[in-house]
Amino acid sequence: MPTSQTAEPSSDIDLFADTVLDNPYPAYATLLAMGPAVWLEKHQVWFIGRYEDVKRVLTRPETFSSDNGIALTTAANQQFLDGTVLAAGGKRHVQLRLPLSKQLSARALKALIPEIRSRAVRLAAQATKQGEFDAVELVTEFVADQVVHLMGLPEATRPELVASAAAVFDMFGPDNARYQQSAPLAAAMMAFLRTEVSRTTVRPGSWMDALYQAADAGDIGEDDVVPLMSAYTTAGIDTTIHGITAALHHLAGPNRYFREMRAERLDPAAVFHEAIRLDAPVQGFGRRVTRDTRIGDTLIRAEQKVWASYGASGRDTRQWGLYADAFQPGRPGGELHLALGLGPHSCAGKRLALLQATSLLHALARSGTHLDPAGDPVRARNNTLHGWKTLPLKITPDGRSTRNRRGHDRTTTPQ
Ligand code: HEM
């Protein structure tokens, strides 16, 4: 129990059980109704899901620390996350984040726009020609090839990296069967980065090359290079894949949004934001409480942990109104969701994710007239990620032309 004298809300919900991972929203609704902070007995952590409270946790790093707190277990915090930008605090965090921020700045990304857009058009045309396609396969090819190339690693490493990146996300959760199964794969990724990647094997001018240059210039330590690499490999692939496939899932079927996007009355960026508000690709991360504090009326003791649920915050009716569970792209303030984090640890790669998402959504909407389900999708189960393993879709080609006729005027340009 949290404290013996108080009747603080507590629950025996297992947030990481298969059925909850497949559809976490009924559990979130229960927990959101119980109070601003609910003690999860099974995981010995406070669940924070209401929008304003998640915001408070993310923007007060001096009280809610990522250091030794971002994962639920001490073992994962020490073995996989120690030394990474995600787990760093204060000045050290600023120092580690700088080289990543440079690579992911609006300026740096501008140079990538033509290539990303033309790949999107090519893949959209390919999918439209096929008619039926697995959206997860398509989006994985689009996102992962690009990120692996930008990182400067050989293309052949892509399947291994994708598999092991998801394994690292399992390590943020409790020590359950999924965690145990993924631990060797997550360890293999760190070993791969440590042993196979070096100054001579990375592509000159790539993200990894820039990290070695930052180490040579003394901006970061030599020991910081591998943990920083893992930030790219872990954070930059599955997240965007799940975000774009969530958007495609919500667009498919009898609704007007695909048509509106095609007619350029609906911004693909609004579609993407709404999709990740509803289905946050990263459902939650932990924080360690450094001093006694309160969330609402609930006392949270120093050294306890909280689980900030980006996923639940996107469904909080206090923020999103009665139709919080509905897909309504373009809703006022829709981009204020917390799926990309907030505060000092907010997503360093959000501009790239948005550029990739809007490029592909735009290209598909220009390429086909209708998007429909073509079979039952299957969930990808992961302790932290939320998305699809397979998502069969059908796109109907434009009878007049399958060419992308009007360029990319609705694609978001990084700013
Ligand atoms: C839809 C796609 C994405 C989603 C939903 C997402 C989600 C997030 C979230 C929720 C955080 C906050 C972590 C925290 O609060 O502790 C974060 C941080 C981060 N993301 Fe993303 N992300 C996405 C894409 C990317 C991409 C494409 C990259 C890089 C290539 C990236 C790199 C990072 C890094 C390096 C951090 C750590 C920042 C820090 O600790 O200062 N992300 N992301």
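The first residue of the sequence shown is numbered 1, and numbering continues consecutively from there. In each ligand, atom 1 is the first atom listed, and ligand 1 is the first ligand listed.
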**Report entry** Polar atom proximity, Y310 to ligand 1 (N or O, under 3.5 Å)
**Finding:** yes
Query - Contacts of D372 that satisfy salt bridge (charged side-chain N to carboxylate O under 4.0 Å, His left out) - sequence neighbours left out - result: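 With sequence neighbours excluded, D372 shows a salt bridge (charged side-chain N to carboxylate O under 4.0 Å, His left out) to no residue whatsoever.
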Requested in this report: For D279, check salt bridge (charged side-chain N to carboxylate O under 4.0 Å, His left out) against everything at least two apart and list the hits.
Outcome: R315
Please work out whether the ring planes of [X] and [Y] are parallel, tilted or perpendicular, with thresholds of 30° and 60°.
X: Y232; Y: W207; result: parallel
X: F285; Y: F172; result: tilted
X: H386; Y: Y25; result: perpendicular

Requested in this report: Please say whether more than 12 non-hydrogen atoms of neighbouring residues, nucleotides or ligands are located less than 6.0 Å from NE2 in H93.
Outcome: yes
Query raised in the report: Under 6.0 Å from the CD atom of Q181, do we count more than 12 heavy atoms belonging to anything else shown?
Result: no
I'd like to know whether ligand 1 has [X] as a neighbour, heavy-atom separation below 4.0 Å.
X: I70; result: yes
X: P281; result: yes
X: V147; result: no

What residue and heavy atom of the protein are closest to [atom], and at what distance?
atom: atom 12 (C) of ligand 1; value: H345 O, 3.3 Å
atom: atom 7 (C) of ligand 1; value: A339 O, 3.5 Å
atom: atom 37 (C) of ligand 1; value: L86 CD2, 3.8 Å
atom: atom 35 (C) of ligand 1; value: L100 CD1, 3.6 Å

Requested in this report: Could you check F16, Y179, W307 and say which one makes a ring-ring contact (aromatic ring centres under 6.0 Å, His included) with H43?
Outcome: F16
Report task. Under 4.0 Å from a heavy atom of P344: give me the atoms of ligand 1 that qualify, with their elements. Result -> 41 (O)
Report task. Run the numbers for me: atoms of ligand 1, each under 4.0 Å from some heavy atom of F285, listed by number. Result ->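 Per the distance check, 13 (C), 14 (C), 16 (O).
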Report task. For the residue pair F169 and V282, establish whether any side-chain heavy-atom pair is separated by less than 4.5 Å. Result ->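 When only atoms from C-beta onward are counted, V282 and F169 do touch, with a gap below 4.5 Å.
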Query - Salt-bridge criterion met for D209 and R203 (N-O under 4.0 Å) - result: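 No.
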Query - Check ion pair D53-R318 (N to O, under 4.0 angstrom) - result: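 So D53 does not pair with R318 through a salt bridge.
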Query raised in the report: Which pairs count as salt bridge (charged side-chain N to carboxylate O under 4.0 Å, His left out) when at least one residue sits in residues 159-184, sequence neighbours excluded?
Result: D18-R178
Of the side chain and backbone of [X], name the one, both, or neither that has a heavy atom under 4.0 Å from an atom of ligand 1.
X: W207; answer: side chain
X: F272; answer: side chain
X: R287; answer: side chain

Report task. Using 2.8 Å as the cut-off, note every protein N, O or S atom close to atom 21 (Fe) of ligand 1. Result -> C347 SG
Requested in this report: Walk me through it: do R92 and D67 pass the test salt bridge (charged side-chain N to carboxylate O under 4.0 Å, His left out)?
Outcome: CA-CA 11 Å; R92 173 98 176 116; D67 178 12; over 6 Å; no
Query - The one among H273, H242, H93, R97 that brings a heavy atom closest to atom 38 (C) of ligand 1 - result: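 Checking each option, the heavy atom nearest atom 38 (C) of ligand 1 is found in R97.
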